[in-house]
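Working notes for the structure below.
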Amino acid sequence: MPIVLIGFRASGKTALGKRAAKILNLPFLDLDEVFVEKFGDIRKFIKKRNWQEFRQREAQILQNFAGFSGIISTGGGIIELPENREFLKKNKTIFIDIPLSELISRLCQKKNKRPRLNEKVDLETEIREKFKDRLPLYKNSAKFTFYPDINLSKDENSAKLAEFILNLQ
Ligand code: S3P
């Protein structure tokens, strides 16, 4: 059964997950990377196609790894489709919980890295609105919650995450 990391954009799912997997000697998989390998750059895909197609492909990729025995990091919108939420509830899913103010500061520093979720509003409003919509879905889909300490380094938080995973029931 996979250990699945979920959380908002820039919460550190990939950075912490990759390092924790290394510490625990577990295989690691990043769903966004699998998407890019199969279908190319996500921003370009959304521009050419649309979010709905992205979500469908993302869901197929997630289902393909139901038997993966390692750590999977997901994209921030994985909780948008009900079938994905069902998948998450059946697995060892960990919500990486980072305060909204920290997410805003991280995402506003790396402005053009990710496709906009709502181009009609400014970036900070987009983040606030999506966070409000998604927070209950993350909480509801995950059996466990991990709170990184934003004052610690990535390596220190990854070591804590590895320990957290070791203690999972
Ligand atoms: C998305 C987050 C991205 C990526 C895609 C959609 C989202 O992943 O899957 O751009 O809907 O929030 P990260 O959470 O790794 O940025």
Side-chain angles (χ1 to χ4, degrees), residues 2-21 27-65 68 70-88 91 93-142 144-148 150 154 157-158 161:
I3 293 157
V4 191
L5 306 182
I6 63 170
F8 207 76
R9 296 172 156 198
S11 57
K13 302 171 297 267
T14 301
L16 302 184
K18 205 178 248 177
R19 288 174 174 82
F28 175 77
L29 186 88
D30 178 351
L31 285 197
D32 281 342
E33 260 173 40
V34 177
F35 184 95
V36 172
E37 272 163 28
K38 280 182 180 254
F39 306 108
D41 180 73
I42 297 178
R43 285 174 65 186
K44 285 189 190 147
F45 185 93
I46 306 285
K47 257 197 187 154
K48 258 213 249 154
R49 318 296 268 265
N50 52 56
W51 277 108
Q52 200 191 347
E53 264 194 55
F54 172 78
R55 295 287 171 226
Q56 281 166 359
R57 305 254 186 266
E58 184 184 43
Q60 280 161 5
I61 295 173
L62 180 66
Q63 298 297 334
N64 286 346
F65 289 99
F68 185 78
I71 300 178
I72 301 180
S73 85
T74 58
I78 199 78
I79 38 65
E80 297 223 338
L81 292 190
E83 63 257 44
N84 291 346
R85 299 201 291 272
E86 285 316 304
F87 179 100
L88 296 168
N91 288 283
T93 299
I94 306 174
F95 170 38
I96 308 288
D97 195 351
I98 295 275
L100 175 60
S101 55
E102 174 67 14
L103 294 173
I104 290 173
S105 118
R106 289 182 190 180
L107 287 165
C108 290
Q109 273 168 37
K110 289 185 190 163
K111 263 196 177 134
N112 297 319
K113 218 182 131 205
R114 293 168 170 89
R116 294 289 308 273
L117 294 163
N118 178 5
E119 282 179 307
K120 295 194 187 104
V121 296
D122 63 89
L123 182 58
E124 187 173 329
T125 308
E126 169 190 303
I127 299 165
R128 286 184 186 281
E129 286 178 358
K130 276 287 160 188
F131 184 85
K132 195 165 144 260
D133 293 346
R134 289 178 172 181
L135 186 61
L137 301 177
Y138 293 130
K139 286 189 172 165
N140 199 256
S141 307
F144 310 99
T145 303
F146 177 72
Y147 300 93
I150 57 168
K154 277 183 189 155
N157 274 317
S158 308
L161 177 62

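All ligand and atom numbering here is 1-based and tracks the order in the structure.
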Quick one: does ligand 1 sit under 4.0 Å from the side chain of Leu117, the backbone, both or neither, non-hydrogen atoms only?
side chain
Taking Glu126 first and then Lys130, would you say they form a salt bridge - that is, a charged N and a carboxylate O separated by under 4.0 Å?
no
For ligand 1, is any non-hydrogen atom under 4.0 Å from Phe35's backbone (N, CA, C, O), its side chain (CB onward), both, or neither?
neither
Which one of Lys110, Arg114, Arg55, Arg9 has a non-hydrogen atom at the shortest distance from atom 16 (O) of ligand 1?
Arg114
Arg116 and ligand 1 - part of the residue with a heavy-atom distance under 4.0 Å
neither
Do any heavy atoms of Arg134 fall under 4.0 Å from ligand 1?
yes
Return the closest protein heavy atom for atom 9 (O) of ligand 1 as residue, atom name and distance.
Asp32 OD1, 2.7 Å
Pairwise side-chain contact, Ile79 with Asn140, heavy-atom cut-off 4.5 Å (strictly under)
no
Side chain to side chain contact (heavy atoms under 4.5 Å, CB included) partners for Gln52, two or more places apart:
Asn50, Gln56
Residues forming a side chain to side chain contact (heavy atoms under 4.5 Å, CB included) with Asp133, sequence neighbours excluded
none
Answer whether the closest heavy-atom distance between the side chains of Phe68 and Ile3 falls below 4.5 Å.
no
Atom 5 (C) of ligand 1 sits nearest the protein heavy atom Phe54 CZ, 3.8 Å
Counting heavy atoms only, which part of Ser11 comes closer than 4.0 Å to ligand 1: side chain, backbone, both or neither?
neither
Give the intermediate values and the outcome of salt bridge (charged side-chain N to carboxylate O under 4.0 Å, His left out) for residues Glu58 and Arg55.
CA-CA 5 Å; Glu58 184 184 43; Arg55 295 287 171 226; 3.0 Å; yes
Decide whether a cation-pi geometry holds between Arg49 and Phe54; the criteria are a distance under 6.0 Å from NZ or CZ to the six-membered ring centre and an angle within 45° of the ring axis.
no
Which segment of Arg43 sits under 4.0 Å of ligand 1 when only heavy atoms are counted
neither
Heavy-atom side-chain contact between Leu123 and Lys111 under 4.5 Å
yes
With backbone taken as N, CA, C and O and side chain as the heavy atoms from C-beta onward, which portion of Trp51 lies under 4.0 Å from ligand 1: side chain, backbone, both, or neither?
side chain
Can you find an N or O of Gly76 that's nearer than 3.5 Å to an N or O of ligand 1?
yes
Ligand 1 contact by Glu80, heavy-atom criterion under 4.0 angstrom:
no
Any nitrogen or oxygen of Lys13, main chain or side chain, under 3.5 Å from a nitrogen or oxygen of ligand 1?
yes
Mark up the atoms of ligand 1 that fall under 4.0 Å of a heavy atom belonging to Pro115, in ascending order.
10 (O)
Do the side chains of Leu31 and Ser73 get nearer than 4.5 Å, heavy atoms only?
no
